[in-house]
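Let me begin by presenting the structure, written as structure tokens, before commenting on it.
Computation of the quantities below employed the complete heavy-atom set of this structure, encompassing side-chain atoms and omitting hydrogens, waters and symmetry-equivalent molecules. Just so it is clear, the model here is predicted, and its values are computed rather than measured. Every chain is numbered from 1 and lettered A, B, ... according to where its sequence line falls, protein lines coming before strand lines.
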Protein chains: 2
Amino acid sequence: MLPTRVARRRFEQLPPERQEEILRVAAEEFARAGFQRTSYNQLLERLQLGKSSAYYYFDDKRDLFLTALQRCYEKFFAVVRTVERPEGAEGFWAFVERSTELGYEFMLEDPTAAALMMCLQREKALLDELGSTELLGVIEAFYADMIREGQRLGTVRADMPFDLVVALVRDASMTFDRWFITARSASTSPSPREAARWYTEVVQRLCRSA
Amino acid sequence: MLPTRVARRRFEQLPPERQEEILRVAAEEFARAGFQRTSYNQLLERLQLGKSSAYYYFDDKRDLFLTALQRCYEKFFAVVRTVERPEGAEGFWAFVERSTELGYEFMLEDPTAAALMMCLQREKALLDELGSTELLGVIEAFYADMIREGQRLGTVRADMPFDLVVALVRDASMTFDRWFITARSASTSPSPREAARWYTEVVQRLCRSA
DNA sequence: ATTTGGCTTGTACCGTCGGTACAACCGTAG
DNA sequence: CTACGGTTGTACCGACGGTACAAGCCAAAT
């Protein structure tokens, strides 16, 4: 990041509509079959982007994937961040529930982004093989901050290793995300409101102070 | 399985010590770097096993991986299955805690098997791409049976979609497994007993009837 | 008007991957 | 001695992600 990542700088000087097209198509392809199973060669062909150009604008396959993914997360957080947090413990849990509900609504509105975000979770083991993803760090920090705040308010238990609580909540959130989209494509279609209610109840069970 | 999987039958007619060596070395290699990142070519070379022989005794890379993995799960269940279940709700939870404790002890005694079993979880998305793993099905059924039994005893909540409860418990178990081995290699070293206590408490919070 | 130089791209290539084709090997049974 | 079926060595395949390198292009300088 010191010289502002040379490849990234070049990409950002492409015509904005071309940037948009590249990231949109990449997101579609990666969301369809995941990172590993998507052929970079075929993706570049569909993008009408020569190989030398590809490696001129992106470091490698992983870089393009993460760039497209990051844009999805930006859209996601732009929606979720609109929730304001009331004070006190009840406000904390209301905030959790409302944010989650907006998150599920986002997943319905932008299924490609949702699928791509699930990819990161499914294949994170393969992705952070070379250097921390920094995106995973941001997500981890999101949950850690949340739990720290809940502990500060005295409504989240502090009698268990902090990392364990964070991991449990993070993974339960992933479980719900997966369940929400698979249940959606099946017959049972929970509304974002219902799903968020269940999620909040489960997280409260998981880690609310006794 | 109809004609008893021809490759498997041939493998089982190898000298037992050779069978053992192949599965042991394969387990070590796969446990080290995971399924995807382990080169089949290099693994076969280390095994002094020619390529044509390899495809004579195993269907493909995935088959060898799953065969080694299955042996690990057999060892695991052989340990855990020694626990007998007392009657009633308290007996149910005592059974959960004791089985979990034995599971953690097993992970300390056979870290290779533990690492390999974690691989399956981390890379399951890549592995069941072609045909159900059947091993994943067994594991899923293990959790489902457990929860059904808890519901029959009235001690596990039944007011939430069954699949969701199963997914939550299964994923929380994975979270604990990961935490247990990473915390072990770090400074904080929870004993199997402590970890199993925490696990049981968390699962009770998650899904015990109100 | 032409040459220069830097950003951009086409083309051919690399090593490795998992997997296959096929002929040679080898012990045994005829 | 031959024929045969189970086993193995060897050469090969297409696809993968990634690299080398020279040509193309366009603006600025001479």
DNA chain D-proximal residues of residues 43-52 of chain B, any heavy atom under 4.0 Å:
B:G50, B:S52
Using only side-chain N and O atoms of B:Y56, determine if any of them is under 4.0 Å from OP1 or OP2 of D:dT7.
yes
Regarding A:Y55, tell me which of base, sugar-phosphate or nothing describes its non-hydrogen contacts under 4.0 Å with the strands shown.
base
Assign B:F58 to base, sugar-phosphate, or nothing according to its heavy-atom contacts below 4.0 angstrom with the strands shown.
nothing
Nearest whole angstrom, please: distance from the P of C:dC14 to the CG of A:D60.
22 Å
Hey, are the side chains of B:E140 and B:R170 touching, using non-hydrogen atoms and a 4.5 Å cut-off?
yes
So does A:E28 pair up with A:R32, basic N to acidic O under 4.0 Å?
no
Under 4.0 Å between a Lys/Arg side-chain N and an Asp/Glu carboxylate O for B:R178 and A:D171?
yes
Centroid separation A:F77 to A:F142 less than 6.0 Å:
yes
B:F92 ring centre to B:R85 NZ or CZ under 6.0 Å, with the angle to the axis within 45°?
no
From CG of B:L64 over to P of C:dG19, roughly how many Å is that when rounded to an integer?
11 Å
For C:dT8, does either OP1 or OP2 sit under 4.0 Å from a side-chain N or O belonging to A:S53?
no
Would you call A:R157-B:E201 a salt bridge at under 4.0 Å N-O?
yes
Would you say a side-chain N or O of A:N41 is under 4.0 Å from OP1 or OP2 of D:dG17?
yes
Give the rounded distance in Å between these two atoms: CZ of B:R37 and P of D:dG17.
16 Å
Can you see if the side chain of B:Q42 gets near the phosphate of C:dC17 - specifically, an N or O under 4.0 Å from OP1 or OP2?
yes
Nearest-Å distance, CD (B:Q36) to C1' (C:dT16)?
13 Å
Using atom CZ of B:R10 as one end and atom P of D:dT7 as the other, report the distance to the nearest whole Å.
7 Å
Does NZ or CZ of B:K61 lie under 6.0 Å from the centre of the six-membered ring of B:F35, at an angle within 45° of the ring axis?
yes
For D:dA15, does either OP1 or OP2 sit under 4.0 Å from a side-chain N or O belonging to A:Y40?
no
